[in-house]
> 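Quick one: this structure, given as structure tokens, is what I'll be asking you about.
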There are 2 protein chains.
Amino acid sequence: MRAGTGGRAEDRDEPSSSAGSGARRGPRPAGAATISRVAEAAGVSRATVSRVMNGSTTVKPELAARVRAAAQALDYEPSVAARSLALGRTGTISLVVPDLSNPLFQGVLRGLSQAAGKAGRQLLVAESNEDAEEETILAIEARRNSDGLVLASPRAPGERLRELSDRLAPFVLVYREVRGLAAPSLSVDNDAGINELVAHLTGLGHRHLAYLSGPSASSSHAARLAALRAAAAGTPGFTLTELPCGSMFDDGHATARPVLECGASAVVAFNDMVASGALTGLHELGVRVPGDVSVTGFDDIPFARYTTPPLTTVSIPKNELGRQAWERLWALMNGESGGYNVRFQPRLLIRDSTGPAPS
Amino acid sequence: MRAGTGGRAEDRDEPSSSAGSGARRGPRPAGAATISRVAEAAGVSRATVSRVMNGSTTVKPELAARVRAAAQALDYEPSVAARSLALGRTGTISLVVPDLSNPLFQGVLRGLSQAAGKAGRQLLVAESNEDAEEETILAIEARRNSDGLVLASPRAPGERLRELSDRLAPFVLVYREVRGLAAPSLSVDNDAGINELVAHLTGLGHRHLAYLSGPSASSSHAARLAALRAAAAGTPGFTLTELPCGSMFDDGHATARPVLECGASAVVAFNDMVASGALTGLHELGVRVPGDVSVTGFDDIPFARYTTPPLTTVSIPKNELGRQAWERLWALMNGESGGYNVRFQPRLLIRDSTGPAPS
DNA sequence: CTGAAAGCGCTAACAT
DNA sequence: ATGTTAGCGCTTTCAG
């Protein structure tokens with residue numbers, strides 16, 4: 001217990017300057033001007049104000065000017081909600097990704113944001129935290145708040161996506177293809193990428209590769225692993241060691257020792273983050289790259305050029321995926337067909353983390 | 001000119017399977033069930049349906065069940081637009097950042113997205129591409145589509161922000177403080193960070209620092225530079241060389257030679273990206289780090305631990321900024337005061353890119 | 001070229 | 001506990 005006066009203004013523990021300044025709720029200022037008020041002020045009907053605000057050319061210039069003046073004077077801003085309700089569309093599209101910290105998804109986010117922004121559309125973003133069920137819930141939710149959806153959903157079962165197809169349309173899928181899904185998909189040819197990588201490595205004399213596995217639920221991982229196995233099976237005298245790993249720097253870092261112990265002369269990492277982690281781990285273990293072992297990544301994230309040594313990796317068009325996703329979605333929203341699926345062909349970027357197999 | 005039959009179905013150049021599947025426009029399916037239809041089907045009034053959908057407990061369980069069944073059967077999904085209009089709020093908040101490829105903003109995006117998501121709010125994201133005027137336009141636009149705004153606006157003049165304050169409220173500012181602005185701000189104490197860095201470096205015997213400047217319009221750059229100058233001025237025998245640089249990898253990379261030529265024994269980079277670029281550039285020039293020159297970054301981006309050598313840097317709570325921004329915004333949206341501004345105190349992370357000054 | 005009027009689909013008093 | 005009745009603010013036929 002504390003004796004004393006108490007209850008002075010200062011005791012309320014709030015800075016006086018900002019008190020009450022945030023009292024506004026909702027999308028519009030409390031006493032915001034409505035179209036009616038503007039119409040009244042300008043001495044015209046609401047319809048006319050609406051016409052002017054939407055740039056209809058059929059309004060007499062003089063009236064239009066009066067309306068604009070009134071709107072200006074009243075700080076009029078049309079209500080987005082009312083507009084959406086009347087128009088039946090929101091002017092917003094949405095993107096759902098599993099993980100915002102992954103450069104892959106940051107890339108499409110960026111591409112999509114810019115393309116949609118240029119078209120005057122707002123972008124809603126939701127992150128599912130790699131949870132397959134959450135992905136679909138969020139997708140539905142996001143879609144309800146927008147006119148169309150771009151979905152990066154590496155975890156959700158294809159079957160589930162097919163069920164939801166109606167509720168999600170119009171939508172486009174990125175980084176993934178789902179058979180029988182009535183939505184266009186923009187993906188990456190993992191097979192081709194892996195094959196280029198393998199060809200590069202075998203060309204350098206490597207016969208024993210270690211694969212640093214991605215998350216088991218990831219569809220990219222599945223595709224890359226399958227391609228690797230196929231390549232291994234097709235090449236006599238070729239050994240493939242699969243090492244459990246993950247998708248983050250730390251996962252790669254932690255897998256350096258197993259790599260060393262398995263005796264592989266080259267490691268194919270699930271992605272660039274894993275690869276750089278491995279690079280660091282190997283370095284700490286006194287292993288020279290590419291002298292003792294070669295290392296490759298996948299994705300070509302911005303950092304890949306700045307690892308030591310710079311990382312040989314497979315480049316995929318991350319931003320471009322976002323841009324094209326917008327175009328597809330836009331077509332769909334206009335009732336056009338979604339067009340053919342496209343599978344981007346990755347490009348092998350040979351830098352300094354790969355070299356001849358040690359004899 | 002080409003002779004032949006022409007005009008066959010295949011010539012329309014569209015995959016038949018997806019034709020017409022994207023014909024849906026707007027936020028709701030074409031013939032979507034409305035609350036009225038559900039009410040009719042369940043034999044109750046719309047008010048009752050509304051009550052059930054919003055979890056009002058004052059509905060007789062039996063009726064509630066009937067309503068839910070009807071809703072289910074009709075695939076009823078409430079119209080977000082209609083709800084927003086009636087309620088006066090959208091259930092969405094927005095974030096405006098200058099650059100989505102910057103890890104700093106990716107951090108707040110992530111923190112904000114998760115916090116808002118947990119609270120069942122949608123998140124609108126807009127990127128201004130580092131354009132000061134665009135920043136404010138986008139902010140207004142984003143705010144109109146949501147109930148509140150988080151603004152990372154390193155470029156826009158403080159005066160402009162003060163003018164706009166009413167139209168943007170409720171909003172919170174991140175990575176920046178603006179005097180006299182009636183909005184809470186969450187920022188980083190650049191001064192303190194620089195001072196720790198300088199103390200660390202001078203403790204190691206460095207007397208000549210090179211600063212790799214950030215973008216001149218950046219408020220973080222301004223703060224860091226000012227702190228550095230103050231430190232230099234306060235230390236006899238201390239030299240500070242300011243090298244124009246930028247904020248990206250390549251900028252740092254390109255500044256390696258000037259660094260070498262200026263004769264500094266330590267370089268303080270505007271941020272981690274610049275620092276890693278410099279690291280690589282220096283390495284290419286045969287300069288040893290930290291043997292010949294020490295290098296420091298700022299921000300502690302995920303990659304900083306994995307540069308060679310691992311980067312000594314100043315860590316700032318990027319995700320935390322996003323999380324707390326949500327809390328502030330939430331308070332504001334509930335008519336509470338915005339509370340006191342907070343300035344996060346960064347933490348010096350000493351890794352291996354700094355060492356004793358060469359004698 | 002402009003105005004009147006009928007919604008868009010939902011919520012929230014206010015009755016009952 | 002449930003139904004009735006007004007709107008929320010804008011767009012859009014339809015007349016004139």
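Each chain gets a letter, A, B and so on, in the order its sequence line appears, and its residues count up from 1.
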> For B/Q72, look at atom CD and say whether over 12 heavy atoms of other residues, nucleotides or ligands are found less than 6.0 Å away.
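No, not enclosed.
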> 5' to 3' on DNA chain C, which nucleotides open and close the contacts with chain A (atom under 4.0 Å from a heavy atom)?
C/dC1 to C/dG9
> Just how far, in rounded Å, is P of D/dT12 from CG of A/L85?
12 Å
> Suppose we screen for side chain to side chain donor-acceptor pair (under 3.5 Å). Which residues come up paired with B/E62, at least two apart in sequence or across chains?
B/R66
> Can you sort out which residues in residues 52-75 of chain B have a heavy atom within less than 4.0 Å of DNA chain C? Ascending by number, please.
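Hits under 4.0 Å, by residue number: B/N54.
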> Report, one line per pair, each donor and acceptor closer than 3.5 Å where one atom sits in a side chain of residues 75-82 of chain B; sequence neighbours left out.
residue: B/E77; atom: OE2; partner: A/R167; partner atom: NE; Å: 2.9
residue: B/E77; atom: OE2; partner: A/R167; partner atom: NH2; Å: 2.6
residue: B/S79; atom: OG; partner: B/A81; partner atom: N; Å: 3.4
residue: B/S79; atom: OG; partner: B/A82; partner atom: N; Å: 3.0

> Partners of B/R323 by side chain to side chain donor-acceptor pair (under 3.5 Å), sequence neighbours excluded?
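For B/R323, the residues satisfying side chain to side chain donor-acceptor pair (under 3.5 Å) (neighbours in sequence not counted) are B/E320.
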> With the criterion being N/O to N/O and under 3.5 Å, what pairs connect the protein with nucleotides 14-16 of chain D, and how long is each?
none

> Without decimals, in angstroms, what is the distance between A/Y76 OH and D/dC10 C1'?
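It works out to 7 Å between those atoms.
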> Could you tell me, to 10°, how much the axis swings from one end of the helix from C/dC1-D/dG16 to C/dT16-D/dA1 to the other, five pairs per end?
30°
> Which residues pass the side chain to side chain donor-acceptor pair (under 3.5 Å) test with B/S146, sequence neighbours left out?
B/S94
> What residues, two or more places apart in sequence or in another chain, satisfy salt bridge (charged side-chain N to carboxylate O under 4.0 Å, His left out) together with B/E133?
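For B/E133, the residues satisfying salt bridge (charged side-chain N to carboxylate O under 4.0 Å, His left out) (neighbours in sequence not counted) are B/R160.
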> Got a sec, which pairs hit salt bridge (charged side-chain N to carboxylate O under 4.0 Å, His left out) with one end in residues 170-182 of chain B, sequence neighbours left out?
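Sorted pair list: B/E177-B/R343.
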> Residues from residues 38-48 of chain A sitting under 4.0 Å of DNA chain D, heavy atoms only?
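Within this stretch, A/R46, A/A47 sit under 4.0 Å of the strand.
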> Does A/T34 reach a base, just sugar-phosphate, or nothing at all? Heavy atoms under 4.0 Å.
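The residue A/T34 makes sugar-phosphate contact but no base contact.
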> In chain order, what residues pass the side chain to side chain donor-acceptor pair (under 3.5 Å) check against A/S113, with sequence neighbours excluded?
none
> Between the side chain of B/R89 and the main-chain N/O of B/L87, is any donor-acceptor distance below 3.5 Å?
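Pair absent, no side-chain N/O of B/R89 close to backbone of B/L87.
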> Measure from CZ on B/R83 to C1' on D/dG7 and round the result to the nearest Å.
17 Å
